[in-house]
Amino acid sequence: MYMARVFKPVQKKTATKAVHTPAIYDPKKIEPILQKKWEKEKIFKALSSKKTKKKPYYVLSMFPYPSGAGLHVGHPRSYTATDIVARKKRMEGYNVLNPMGYDAFGLPAEQFAIQNKVHPKKAVAMNVATFEKQLKKLGFSFDWERKINTTDFEYYKWTQWIFLKLYNSYYDINKKKALPIESLVKSFTKKGNANVSAFTTEEVRSFDKKEWLSMSPLQKQEALMKYRLAYEGEAQVNWCEELGTVLANDEIVDGKDGPVSERGGYPVTKKNIRQWFLRITAYADRLLSGLEQIEWPQYVKEIERNWIGKSEGAEILFKLNVPGQDDGKHSVTVFTTRPDTLFGVTFLAISAELAETWIKVGWGADKKVAAYIEQVVKDHQKNDFDASQNKTGIFTNIYAIHPGTQEKIPVWIANYVLPGYGTGAVMGVPAHDERDFEFAQKYSLPVVSVISSEEEKFPFTGEGVLKNSNIFNGLKSQEAKQRILEKVGGKLVTRYKMRDAIFARQRYWGEPIPLYKDKNGVIHEVKKLPLVLPNTTSYEPTGTGEGPLANITSWKKAGYETNTMPGWAGSSWYHLRYMDANNKKFFADLKEVKYWKQVDTYLGGAEHATGHLLYSRFWHKVLKDYGLVVTEEPFKQLVTHGLILSSDGRKMSKRWGNVVNPDEVVATYGADTTRLYIAFMGPYGESIPWSDESIIGCRRFIERLYKKTQSIVVDSVDKSDISAEKAIHKLIDKITKDINAFSFNTAVAKAMETINNIDSLQVSKKDISLMLQVLNPFIPHVTEFLWNELGNKEKINTAIWPKASKKLLIEDTITIGVQINGKLRGTINIKPNSPENEVKEAAQKEENIVKYIDGKEIIKVIYVPNRIINIVIKG
RNA sequence: GCCGGAGUGGCGGAAUGGUAGACGCAUUCGACUCAAAAUCGAACGCAGUGAUGUGUGAGGGUUCAAGUCCCUCCUCCGGCACCA
């Protein structure tokens with residue numbers, strides 16, 4: 001059981017005036033009534049742009065997977081923050097969009113269904129109902145009318161529509177935007193030479209009109225696949241036998257014996273398979289540069305930057321002398337980020353995979369070499385392969401011609417050269433690369449330095465510039481570098497680590513891919529969306545690599561794709577659906593999109609940095625290219641939260657049995673206390689253990705506030721004590737600033753301090769109302785209840801957010817510290833902004849200070865206005 | 001290995017270079033009570049009866065003044081990792 005201590009309501013018969021008002025705070029009575037009222041009056045409804053002149057403010061928490069376990073206290077941490085911001089912004093006069101929905105496709109929902117032997121659809125409906133009941137108990141100000149569920153066909157219809165948009169697009173590298181695939185076809189069928197500037201990771205081919213027109217539909221299809229933003233291709237993928245599906249890199253974690261699936265912990269291996277992909281690499285540069293214009297935590301940006309992995313360098317061509325073949329007939333291109341070290345190259349190292357392809361085109365590798373290649377290729381298949389401790393290699397008997405010196409340098413196969421990056425071949429520069437150095441040492445290869453001494457500053461012209469790394473690097477323009485490189489058969493290129501995203505899962509519970517193949521293998525789009533996921537009872541994995549949909553005869557017969565979309569498809573654009581959630585004609589009306597523009601504040605976990613966040617940015621950019629959205633980025637500000645750990649400091653998990661259920665907390669303490677504690681427990685971005693003991697302090701605070709306010713309801717005064725008024729205005733100031741900074745814990749601390757300070761003072765209805773109002777975002781039920789008790793005519797939810805009076809923020813007297821040689825020895829009270837000489841004088845008269853300075857020589861006195869005074873004495 | 005972030009009482013945590021430990025929990029004492037709970041009041045970094053000394057992961061430094069800035073190191077968390 002979760003409860004460490006049962007809260008008992010106050011049993012005290014207080015004042016004689018208690019006859020008029022209920023002195024006992026009972027959230028069970030207050031909260032459900034207000035929640036029903038809010039729902040009935042729809043006061044948190046976000047208005048359509050047509051119906052308001054208010055400025056929009058869009059705040060969003062990442063929507064949950066409605067898992068079978070129900071809500072977990074981690075969820076409300078995010079939603080409490082969203083709600084605090086939303087309620088404050090509403091009072092500040094914004095038309096606030098604070099929606100909620102469910103991300104219900106994907107593995108978790110399907111596995112829950114399989115384990116519990118219910119249809120995923122039923123399971124999702126059940127779980128959603130549970131979530132919703134739990135969420136509503138916490139009193140979040142969501143606009144429930146905009147609720148979405150990614151598994152509703154009214155929703156996934158548009159997921160499919162966007163997929164087709166991607167399928168029917170290519171990326172124009174000159175215009176730097178997506179364009180319809182037809183315009184690419186048009187450029188092929190123009191007269192004369194086709195001028196294709198389309199992005200592709202494969203070999204670029206353009207076609208002239210005659211050639212294009214002579215091609216079969218299948219040939220055309222194959223040609224266009226290389227450009228489409230959603231395309232079918234073959235690739236090595238992460239295959240999970242147990243789950244019978246392909247997984248994305250971010251769905252895999254390191255297990256004890258190699259990589260395993262994040263969900264279930266099953267082993268993952270590499271496998272070649274035909275797959276749907278999204279060409280996210282086309283947007284690598286925009287995904288990178290877009291980071292500059294958004295207010296995200298630096299570390300999340302860094303994660304994305306690392307993931308995209310841009311590196312600028314050069315490709316350089318080396319001619320090869322292969323034994324038994326004409327010299328220079330073959331060649332290899334290397335990729336390097338250090339073209340300036342070209343003259344330090346003493347060998348070439350190629351990947352085993354590249355060597356394999358050389359054998360295929362007629363290179364006669366001897367047995368020893370062939371065996372080595374086989375071994376390394378096998379090693380590379382292992383996900384956890386690491387050669388950093390043991391670099392090995394073998395000489396190929398092939399020599400390359402150095403393009404600068406024309407000298408013969410040996411070509412080696414090395415296990416540290418990876419097939420998936422660059423060209424799979426590197427130039428070995430032992431003098432300026434640690435790995436190359438290690439390798440050269442092991443195999444006794446020469447080391448040549450190209451960092452020359454100062455005197456040789458400008459001894460070279462033309463390609464000779466490359467003989468000195470400093471001179472090449474000192475070239476100002478990229479063009480100059482390019483010109484030098486061209487002389488040695490090189491060119492500047494940019495490479496990215498990021499790969500295209502696999503967009504298919506061999507699972508049942510996902511959006512069907514709206515395409516089918518006719519009997520000739522030609523792909524057609526489904527014209528009438530949605531392509532509804534067929535109902536079936538056999539949705540367990542086939543294990544063959546085909547999706548469970550292959551088990552459905554009619555589906556298979558119609559030629560539909562048997563794979564479904566991955567879990568992140570629906571979440572890649574949901575932020576747009578909320579803008580116009582009930583639109584039957586389009587995913588969101590452009591007028592609404594133009595009004596809301598983008599999510600102003602997005603709250604969620606940083607673990608989505610290389611998944612959901614990157615994918616949504618990508619989709620958003622594609623839609624931007626078509627003018628269907630108006631901003632380059634979907635989420636202007638991102639705020640990440642820490643985890644709520646269990647009180648034992650571990651992660652909450654069913655496995656440990658240490659999960660705190662918000663329902664029980666609400667039942668014991670009330671929704672307001674739960675929310676307040678979540679806000680108070682610590683900095684929003686940090687992971688913090690839940691404490692069954694500490695929460696009581698938040699409940700006590702609410703009771704004090706309740707009691708104080710009730711006493712004001714009964715004997716109200718016209719004017720507050722000045723110090724109470726000041727305390728409340730300071731609180732207004734602090735809370736306003738702290739909510740803006742997501743520093744909820746300090747805002748709550750100040751509120752506690754305030755109630756402690758004003759408890760014994762006279763406070764007017766007007767002033768306590770101000771306090772209730774700024775606390776409303778945190779504890780909406782009790783503050784609204786008390787606000788009404790005080791007889792306020794206006795609704796608390798629509799009252800204007802108060803401004804702290806500047807005059808009241810100023811203190812009459814302040815206490816400042818007096819230091820002797822930097823050590824605090826006393827304090828004095830002064831009026832703010834007192835003249836410096838008066839303060840200095842007062843300090844030196846202070847009793848404690850006199851003891852220290854008596855008879856000593858004062859070297860100097862430093863006064864920091866209204867802060868501190870430091871007397872520096874000798875000895 | 002590289003790139004971020006962090007390390008403060010018994011615990012969660014506060015501190016624009018300027019009175020370290022706000023606020024809350026726990027603990028101790030007191031009031032109320034037959035009693036307990038609740039509530040209210042007080043104490044509460046460590047050492048010392050006390051004056052006082054000392055103290056923000058460790059060690060140096062800058063400064064009148066350092067939790068905060070700089071250098072070296074340690075530990076923890078997150079990310080990337082033979083990416084050429």
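Order of the sequence lines sets the chain letters (A, B, ...), proteins ahead of strands, with each chain counted from 1. Since the structure is predicted, the reported quantities are computational estimates derived from the model, not experimental observations.
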*P atom, B:G60 versus B:G55: distance in rounded Å?*
11 Å

*Quickly work out the A:Ile868 CD1 to B:A65 P distance and round it to whole Å.*
12 Å

*Side chain of A:Lys707 only, please: which of B:U52, B:A84, B:U39 is the nearest?*
B:U39

_With A:Ile828, the side-chain contact (heavy atoms from CB on, under 4.5 Å) member among A:Val839, A:Thr813, A:Ile814_ = A:Val839

*Using purine N1 to pyrimidine N3 plus N6-O4 or O6-N4 for Watson-Crick, or N1-O2 and O6-N3 for G-U wobble, both under 3.5 Å, which nucleotide pairs with B:C11?*
B:G24

*So which nucleotide does B:G17 pair with, by the Watson-Crick or G-U wobble rule with both distances under 3.5 Å?*
none

*Check every strand shown and say whether A:Ile303 touches a base, only sugar-phosphate, or nothing at a heavy-atom separation below 4.0 Å.*
sugar-phosphate

*Using the six-membered ring wherever Trp is involved, compare the ring planes of A:Tyr443 and A:Trp412 and label them parallel, tilted or perpendicular (cut-offs 30° and 60°).*
tilted

*Given RNA chain B, 5'-ward residue of the pair A:Arg867 and A:Thr336, judged by closest heavy atom*: A:Arg867

*In whole angstrom, give me the gap between the P atoms of B:A37 and B:C29.*
12 Å

_Strictly by Watson-Crick or wobble contacts shorter than 3.5 Å, is anything paired with B:C69, and which nucleotide is it?_
B:G61

*Measure from the side-chain heavy atoms of A:Tyr852 and tell me the nearest of B:A84, B:U52, B:C25.*
B:U52

*asked:* Starting the side chain at C-beta, find the nucleotide from B:C80, B:C23, B:C64 nearest to A:Val872.
replied: B:C64

*For A:Phe680, report the nucleic acid contact type (base, sugar-phosphate, nothing); a contact means any heavy atom under 4.0 Å.*
base

*How do A:Lys823 and A:Ser691 order along RNA chain B: which one's closest nucleotide is nearer the 5' end?*
A:Ser691

_P gap between B:A65 and B:G12, integer Å_ = 33 Å

*B:G41 - base-pair partner by Watson-Crick or wobble geometry, distances under 3.5 Å*: B:C29

*Classify the angle between the aromatic ring planes of A:Tyr684 and A:His641 as parallel (below 30°), tilted (30 to 60°) or perpendicular (above 60°).*
perpendicular

*asked:* If you only use heavy atoms from C-beta on, which nucleotide in B:C80, B:G4, B:A84 is closest to the side chain of A:Tyr421?
replied: B:A84

*Residue that, paired with A:Tyr677, satisfies ring-ring contact (aromatic ring centres under 6.0 Å, His included) out of A:Trp690, A:Phe744, A:Phe778*: A:Trp690

*Do the side-chain N or O atoms of A:Asn306 get closer than 4.0 angstrom to the phosphate oxygens (OP1, OP2) of B:G4?*
no

*Whole angstrom value for the distance that separates P of B:C40 from CZ of A:Phe701*: 13 Å

*Let me know the distance between CZ of A:Arg700 and P of B:A37, rounded to the nearest Å.*
12 Å

*Figure out the NZ/C1' separation between A:Lys497 and B:A81, and round it to whole Å.*
7 Å

*So among A:Lys707, A:Arg699, A:Arg700, which one has a side-chain hydrogen bond (donor to acceptor under 3.5 Å, both in side chains) with A:Glu703?*
A:Arg699

*Can you tell me how far P in B:G53 sits from the matching atom in B:A43, rounded to whole Å?*
22 Å

*asked:* Measuring from the side chain of A:Ile862 (C-beta onward, heavy atoms only), which nucleotide among B:G18, B:G13, B:A22 has the closest atom?
replied: B:G18

*Side chain of A:Gln819: nearest nucleotide among B:G18, B:C23, B:G12?*
B:G18

*B:C2 pairs with which nucleotide, Watson-Crick or G-U wobble, both distances below 3.5 Å?*
B:G79

*Just how far, in rounded Å, is P of B:A42 from CG of A:Asp759?*
12 Å

*Please state the C1' separation for the pair B:A26 and B:C11 - nearest whole angstrom.*
7 Å

*Could you state the atom-to-atom distance from CG of A:Asp738 to P of B:U16 in whole Å?*
11 Å

*Which listed nucleotide (B:A14, B:A84, B:G79) is nearest to the side chain of A:Val426?*
B:A84

*Looking across every strand, which nucleic acid part, if any, lies under 4.0 Å from A:Val864 by heavy atom: base, sugar-phosphate, or nothing?*
base

_Syn or anti for B:G30, given that syn means the glycosidic angle lies within 90° of 0?_
anti

Which atom pairs, donor and acceptor, lie under 3.5 Å between side-chain atoms of residues 859-866 of chain A and protein residues at least two apart or in another chain?
{"unit_1": "A:Tyr863", "atom_1": "OH", "unit_2": "A:Asn866", "atom_2": "N", "d": "3.1"}
{"unit_1": "A:Asn866", "atom_1": "OD1", "unit_2": "A:Asn833", "atom_2": "N", "d": "2.8"}
{"unit_1": "A:Asn866", "atom_1": "ND2", "unit_2": "A:Asn833", "atom_2": "OD1", "d": "2.8"}

_Validation row, ring centre A:His432 to ring centre A:Phe437 under 6.0 Å_ = no

*Nearest to side-chain heavy atoms of A:Pro683, which nucleotide of B:A22, B:A14, B:G24*: B:A14

*Heavy atoms, side chains only, cut-off 4.5 Å: are A:Arg338 and A:Asp433 in contact?*
no

_A:Phe701-A:Phe680 aromatic ring centre distance below 6.0 Å_ = no

_Residue A:Tyr299, side-chain atoms from C-beta onward, closest of B:G4, B:U19, B:A84_ = B:G4

_When the C1' atoms of B:G57 and B:G7 are compared, how many Å lie between them, rounded to an integer?_
6 Å

_Phosphate contact (B:C23 OP1 or OP2) by A:Thr746 side-chain N/O below 4.0 Å_ = no

_Spacing of A:Arg305 atom CZ relative to B:A81 atom P, expressed in whole Å_ = 17 Å

*According to a strict under-4.0 Å criterion, is A:Arg825 in side-chain N/O contact with OP1 or OP2 of B:G53?*
yes

_Nucleotide B:C3, atom P - distance to CG of A:Leu291 in whole Å_ = 20 Å

_Mind checking if A:Asp436 touches a base, just sugar-phosphate, or nothing, with heavy atoms under 4.0 Å?_
nothing

*Identify whether any heavy atom of A:Arg704 sits under 4.0 Å from a base atom; if not, whether one sits that close to sugar-phosphate; answer base, sugar-phosphate or nothing.*
sugar-phosphate

*asked:* Strictly by Watson-Crick or wobble contacts shorter than 3.5 Å, is anything paired with B:G50, and which nucleotide is it?
replied: none

*Using a cut-off of 4.0 Å on non-hydrogen atoms, how would the nucleic acid contact of A:Val417 be classed: base, sugar-phosphate, or nothing?*
base

*For B:A66 versus B:U19, give the span between their P atoms, rounded off to a whole number of Å.*
12 Å

_Interatomic distance at P, B:C70 relative to B:C3, whole Å_ = 15 Å

